[in-house]
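Structure record follows, encoded as structure tokens.
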Number of protein chains: 2
Amino acid sequence: MTQPAADSRPYHHGDLSRALVDAARRILETEGPAALSLRAVAREAGVSPAAPYHHFKDKGELLEAVAHEGWVALDKRLTEARSKATDSKDRMTGLGVAYVCFARDNPALYRVMYDRSRDKDSLPEQMKEEGAYCQVRDTIDERTGGTVSPIDLELATIAAWCAGHGLAEMISFKQFAPLKEMLGGEEAFLRAVFEHLGMFAKLDQA
Amino acid sequence: MTQPAADSRPYHHGDLSRALVDAARRILETEGPAALSLRAVAREAGVSPAAPYHHFKDKGELLEAVAHEGWVALDKRLTEARSKATDSKDRMTGLGVAYVCFARDNPALYRVMYDRSRDKDSLPEQMKEEGAYCQVRDTIDERTGGTVSPIDLELATIAAWCAGHGLAEMISFKQFAPLKEMLGGEEAFLRAVFEHLGMFAKLDQA
DNA sequence: ACATGGATCTGAACGACGTCAAGATAATCT
DNA sequence: AGATTATCTTGACGTCGTTCAGATCCATGT
């Protein structure tokens, strides 16, 4: 009874895995990805360096849990952006801007989400199964009125995703600063780049 | 005179920095980026763990040298691709395909080139000053016959680069395997995605 | 010719890291 | 209650990046 009342405190610490993921996210936000060591996470959670191994088989598995939360958060942001835009024309661009802004606002988390030092050639299932990826696909499908073959739809989604991811990784390059100013802010810059991509031109023509 | 004749052997080892970069690239190719420790590089070069510090101020500086060579190699590949395509229409797509193929064929090197754990928000000058970036820009300018404003040209280049980089990072995801087969190979898949991007649609309309 | 000096390498060491094995402790089960 | 299982700590191992004091080698000036 040394701990304050918690909903369920099944064991010594009380949902340590939850606390570890939170600690990891805290470190990511405050000190960046370079400082994200397993020992640091344990320290931040007030626990010995070996404790995490009872909840995650190794560091990678902890990072995977963190990444998972990132995908959920991204999903939420995209849903908001999608419901906000009433104009079907700008909905795609809005989705793209929201995506890149998420990466800009959570750079460390975004890095962990795409970190492939654990699973080399597979993207998180959560992304493809029922997550952000599907939102993009659905938006494209919506906009084209479902007149597009499944293969073309898949290709267009991949294309859009690549463009967004590429831009997300480059947005913080300081070389673009003058261009951003010239266009009147970062969001305007994003929109301009997306317009130049002319995404879905092929679909529009068809 | 214990060493075989070398062109210039100014000091004990004879151009150790050169040997270190080579060793690093060898390790990258054979064991991947995870195995690329400074000590491993020194070991591979047959030298003590502290020796590299007389040629590079830290590990990051060695990686920068490796990345630099990567950019040079990429530049070369893009030049080849550009000179090969005679059809001005397909030249852009060809450039994109060449870019992604470079990333696919040198995944570890490509990762080092874009590794931002050292310099957070700045891309290598070599890329922008007179390298691959300019090749893309020039190709776009060529194709549009120089009728494009400098700002639009810059934006289109950024857009193209983002698309290429995004695709380069995703190309190896195994989730795309069935799609690749359906389209008749990886290159066909790449071309299809690039077509769906409809890059430069805006420029074409103008 | 030979000493001086600076560049280059070695060896040993430090702290931090990921991980594991053995023991202690606390919750659960019977 | 006693036995069992899950959880956490302690301590250790090997590896890593980095530093520092010395050893070694080369170029140079006298």
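Order of the sequence lines sets the chain letters (A, B, ...), proteins ahead of strands, with each chain counted from 1. Keep in mind it's a predicted model, so treat the numbers as computed, not measured.
- Counting non-hydrogen atoms under 4.0 angstrom, A:Ser48 reaches a base of the nucleic acid.
- The separation between A:Glu31 atom CD and C:dC17 atom P is 10 Å, rounded to whole Å.
- In the set C:dC17, C:dT8, D:dT10, C:dC17 carries the atom at the smallest distance from any side-chain atom of A:Ser37.
- Between the CZ atom of B:Arg39 and the C1' atom of D:dT19 there is a distance of 11 Å, rounded to whole Å.
- The side chain of B:Leu38 approaches D:dG17 more closely than any other nucleotide in the set D:dG17, D:dC20, C:dC20.
- Counting to the nearest Å, the C1' atom of D:dT18 and the CD atom of B:Glu61 are 14 Å from each other.
- OP1 or OP2 of D:dG17 has not a single side-chain nitrogen or oxygen of B:Arg118 nearer than 4.0 Å.
- B:His165 contributes no side-chain N or O that, together with a main-chain N or O of B:Trp161, makes up a donor-acceptor pair within less than 3.5 Å.
- Across the protein-nucleic acid pair, B:Leu16 atom CG and D:dC25 atom C1' stand 14 Å apart, rounded to whole Å.
- Following rounding to the nearest Å, B:Leu20 (CG) and C:dT8 (P) show an atom-to-atom distance of 12 Å.
- Closest contact between the side chain of B:Asp58 and the listed nucleotides C:dG18, D:dC20, D:dT18 involves D:dT18.
- Checked against D:dC8, D:dC16, C:dT10, the side chain of B:Val47 finds its nearest nucleotide in C:dT10.
- Dashed line: the shortest gap from a side-chain N or O of B:His55 to OP1 or OP2 of C:dC9 is under 4.0 Å.
- Atom CG of B:Leu62 is separated from atom P of D:dG17 by 10 Å (rounded to the nearest Å).
- Take B:Phe102 and apply the ring pair (Phe, Tyr, Trp, His ring centres under 6.0 Å) test, not counting sequence neighbours, and it matches no residue.
- Candidate nucleotides D:dT9, C:dT10, D:dT18 were compared by shortest atom distance to the side chain of A:Ala51, and D:dT9 ranks first.
- B:Lys59 places its NZ atom 8 Å from the C1' atom of D:dG17, with the value rounded to the nearest Å.
- Checked options A:Glu31, A:Glu69, A:Glu44; the residue passing with A:Arg25 is A:Glu69 (criterion: salt bridge (charged side-chain N to carboxylate O under 4.0 Å, His left out)).
- Atom pair B:Arg43:CZ and C:dT10:P shows a separation of 14 Å (rounding to whole Å applied).
- Aromatic ring centres of B:Tyr114 and B:Trp71: separated by under 6.0 Å.
- Nearest approach of B:Val136 to B:Ala160, heavy atoms of both residues: CG1-CB, 4.1 Å.
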